[in-house]
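Below, all heavy atoms of this structure are taken into account, side chains as well, without hydrogens, waters or symmetry copies. Small disclaimer: the values here were computed from a predicted structure and weren't measured.
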Number of protein chains: 2
Amino acid sequence: MTTSPRILIVEDEEPLSLLLRYNLESEGYAVESAMRGDDAELMLKEHIPDLVLLDWMLPGLSGIELCRRLRQRSDTKNLPIILLTARGEEDERVRGLATGADDYVVKPFSVPELLARVGALLRRVSPNRVASSLEAGDLHLDRSSHRVRRGGRELHLGPTEFRLLEFLMERPGRVFSRAQLLDHVWSMDSEIDERTVDVHVGRLRKAINKPRERDPVRTIRGAGYSFDENFGRKA
Amino acid sequence: MTTSPRILIVEDEEPLSLLLRYNLESEGYAVESAMRGDDAELMLKEHIPDLVLLDWMLPGLSGIELCRRLRQRSDTKNLPIILLTARGEEDERVRGLATGADDYVVKPFSVPELLARVGALLRRVSPNRVASSLEAGDLHLDRSSHRVRRGGRELHLGPTEFRLLEFLMERPGRVFSRAQLLDHVWSMDSEIDERTVDVHVGRLRKAINKPRERDPVRTIRGAGYSFDENFGRKA
DNA sequence: TTCCTATGTCATCCAATTGTGATGATCTGA
DNA sequence: TCAGATCATCACAATTGGATGACATAGGAA
């Protein structure tokens, strides 16, 4: 599952961090973690996850400060953040939310509750990232069963084509350069020729389109590819 | 399944307690826990769960003593109790069962085994809460008698193949990676080669499929295996 | 002990998948 | 309309991943 939602844990108490990692991973999330606020900030310069679990008190750079900074960067302005606050700091919650966190949880918290909040927030912010199935027009992609259907018929996609379609359908309308697609759909740091993306897009098209069906994959010359957000509407 | 069965864990080793909680919760149970025998007794005055996992050696009030007391209270006389005993205390099992426990498990135990016992005991006590048999098409798996039939004929599966089929049939359609299967069907932390899963899937297939019968086990290249949710429908 | 079953590993075979280079089609702007 | 830039496809060789049969071992049953 290359496209599972990524969560960054920023927490200096290692046992808690591990507990969170363990539980989140078994929920199917891809987890990264940092023990210090400043480390986290560096990681966020490299790569932006889908959600951040942020401890309030941190060495290096406090959670609240990091939160504030993230809200100022344009690329993390809307990044979902859940603050972890210790009991007794509850009064700070107002300050926390004012600083821009989307939610907060008071330690010690129950794991299921945290998981529920994480799920709720992700669903609110990017429903497609967590939906168990994606649909557009007569195209239907089911993640849990790894099936893709168009109309009634079941389609057979190779692993790469599946991930590619999944990625594009999660973000209909948005255009991705070949480099971006290589980063997200292939593994990071892939040394693959950009032209290879063309080939896979071609394979994907061949797999999902019958002779005279409409093609939901749009080529934007000079820019990249996208999933047609109007696919399924109008004629 | 109306509401999820509640399970009380009484165990002073925190890591083990968390492990149990985690696994039970992901099986859909509602979990409460206590670290001391006397705490547990207090909790049991407040609210009676559907089943208790009780450590033999406990601070405050020993497991065996707690067990005995519970058997004397009219409202907990029939409360299902599974004792957790350490290796070397096995001889005590007789005393444990004599004291009124319904089952016991020797530490270190395999998680699937424990889950199986929990399920078995709950089924025995309140059969309606858990399905005792799984069916799909002409496949029929009976948990309590540990038998599997296809059409009329009885199939012979090894223990591992049985658990594997049971696990997959419980979640038809969902795809599981080899790592997930190792976690859930084997025991957690198993240091087993992922390829071993292939072998067992192969054995399972050989056991349940006659020469030209449809295979309900789906291989999803690059992702894992699943039980075909369409098995039994259409041609 | 001896036989038998269940398991985990390997080695090997086979088929699906994948990245690339070549080639032809299209589009863009001058 | 023409040249260069971009894409779409194809064929192909290499690689990967999955299926299968053989084997050694561990544990139980007899």
Side-chain angles (χ1 to χ4, degrees), chain A residues 1-2 146 148 154-168 175-183 185-187 189-209 211 213 215-226 228, chain B residues 87 90 106 109-110 112-113 116 146 148 155-168 175-183 185-209 211 213 215-226 228:
Chain A
M1 258 175 280
T2 319
H146 252 257
V148 181
E154 171 128 13
L155 309 178
H156 177 75
L157 305 197
T160 305
E161 283 72 60
F162 184 89
R163 290 197 309 273
L164 180 57
L165 179 62
E166 181 184 20
F167 182 80
L168 292 175
V175 179
F176 296 93
S177 68
R178 293 172 174 71
Q180 287 176 308
L181 290 174
L182 281 177
D183 274 0
V185 176
W186 278 252
S187 56
D189 81 314
S190 57
E191 307 265 333
I192 297 176
D193 193 298
E194 292 203 348
R195 293 276 132 243
T196 297
V197 176
D198 297 29
V199 178
H200 281 277
V201 167
R203 287 173 179 154
L204 174 59
R205 283 180 168 138
K206 182 181 299 182
I208 65 180
N209 301 321
E213 284 178 328
D215 180 9
V217 180
R218 226 158 37 105
T219 300
I220 294 85
R221 195 185 174 82
Y225 298 96
S226 86
D228 187 346
Chain B
R87 193 179 297 292
E90 283 144 305
V106 178
F109 48 81
S110 91
E113 182 196 346
H146 239 253
V148 181
L155 307 178
H156 174 75
L157 304 197
T160 305
E161 282 74 58
F162 183 87
R163 289 198 308 275
L164 180 57
L165 179 61
E166 180 184 24
F167 181 79
L168 292 175
V175 176
F176 296 93
S177 67
R178 291 163 224 284
Q180 287 177 308
L181 291 174
L182 282 177
D183 274 0
V185 176
W186 277 254
S187 58
M188 190 156 296
D189 81 313
S190 57
E191 308 266 333
I192 296 177
D193 193 298
E194 291 204 346
R195 293 273 134 246
T196 297
V197 176
D198 297 30
V199 178
H200 282 275
V201 167
R203 287 171 179 157
L204 173 59
R205 283 181 168 137
K206 184 180 298 184
I208 66 180
N209 300 321
E213 284 178 327
D215 181 8
V217 180
R218 205 160 58 103
T219 300
I220 295 84
R221 183 173 250 260
Y225 299 96
S226 85
D228 188 345

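Judged by distance alone, with hydrogens and angles left aside, the side-chain atoms of A/R205 form a donor-acceptor pair with the main-chain N or O of A/V217 at under 3.5 Å. The main-chain N or O of B/S226 is never found under 3.5 Å from a side-chain atom of B/R218 such that the two would form a donor-acceptor pair.
Rounded to whole Å, the distance from CG on B/D215 to C1' on D/dT20 is 14 Å. Distance, B/D198 CG to C/dT7 P: 16 Å, rounded to whole Å. In this structure, the NE2 atom of A/H200 is 14 Å from the P atom of C/dG21, given to the nearest Å. Computed from coordinates, the A/E194 CD to C/dT20 C1' distance equals 14 Å when rounded to whole Å. The CD atom of B/E161 sits 12 Å away from the C1' atom of C/dG8 (whole-angstrom rounding). A straight line from CG of A/L164 to P of C/dT18 spans 11 Å, rounded to a whole angstrom. In this entry the distance linking CZ of B/R221 with P of D/dG18 reads 6 Å, nearest Å. Rounded to a whole Å, the NZ atom of B/K206 is 15 Å from the C1' atom of C/dT5.
Comparing B/L157 and A/P159, the nucleotide of DNA chain C nearest to each residue sits closer to the 5' end for B/L157.
In this structure, A/L165 CG and A/H200 NE2 are separated by 14.0 Å, a value rounded to the nearest 0.5 Å. If you take CZ on B/R178 and CH2 on B/W186, they are separated by 10.5 Å, rounding to the nearest 0.5 Å. The distance from the OG1 atom of B/T160 to the CZ atom of B/R203 is 8.5 Å, given to the nearest 0.5 Å.
A/H156 has no side-chain polar atom (N or O) that falls below the 4.0 Å cut-off from OP1 or OP2 of C/dA16. The phosphate of C/dT20 (OP1 or OP2) has no side-chain N or O of A/R195 nearer than 4.0 angstrom. Within the 4.0 Å cut-off from OP1 or OP2 of C/dG8, at least one side-chain nitrogen or oxygen of B/W186 is found. Taking side-chain N and O atoms only, B/T160 has no distance below 4.0 Å to OP1 or OP2 of C/dA6. The phosphate of D/dA8 (OP1 or OP2) has a side-chain N or O of A/Y225 nearer than 4.0 angstrom. For B/T219, a side-chain nitrogen or oxygen approaches OP1 or OP2 of D/dA19 to under 4.0 Å.
Relative to the side chain of B/R178, the nucleotides D/dC7, D/dG17, C/dA16 differ in distance, and D/dG17 lies closest. Closest to the B/I192 side chain, of the nucleotides C/dT9, C/dA16, D/dG17, is C/dT9. Closest approach to the B/T196 side chain among C/dG8, C/dT20, C/dT18 is made by C/dG8 (side chain taken as heavy atoms from C-beta onward). In the set D/dC7, C/dT9, D/dA19, D/dA19 carries the atom at the smallest distance from any side-chain atom of B/R205. The side chain of A/V199 approaches D/dC10 more closely than any other nucleotide in the set D/dA8, D/dC10, D/dA19.
A/L181 has its side chain within reach of A/L168: a pair of non-hydrogen atoms, C-beta onward, lies under 4.5 Å apart.
Between the base of C/dG19 and the side chain of A/R203 there is a donor-acceptor pair shorter than 3.5 Å.
Note on A/F162: nothing from the nucleic acid sits closer than 4.0 angstrom, heavy atoms only.
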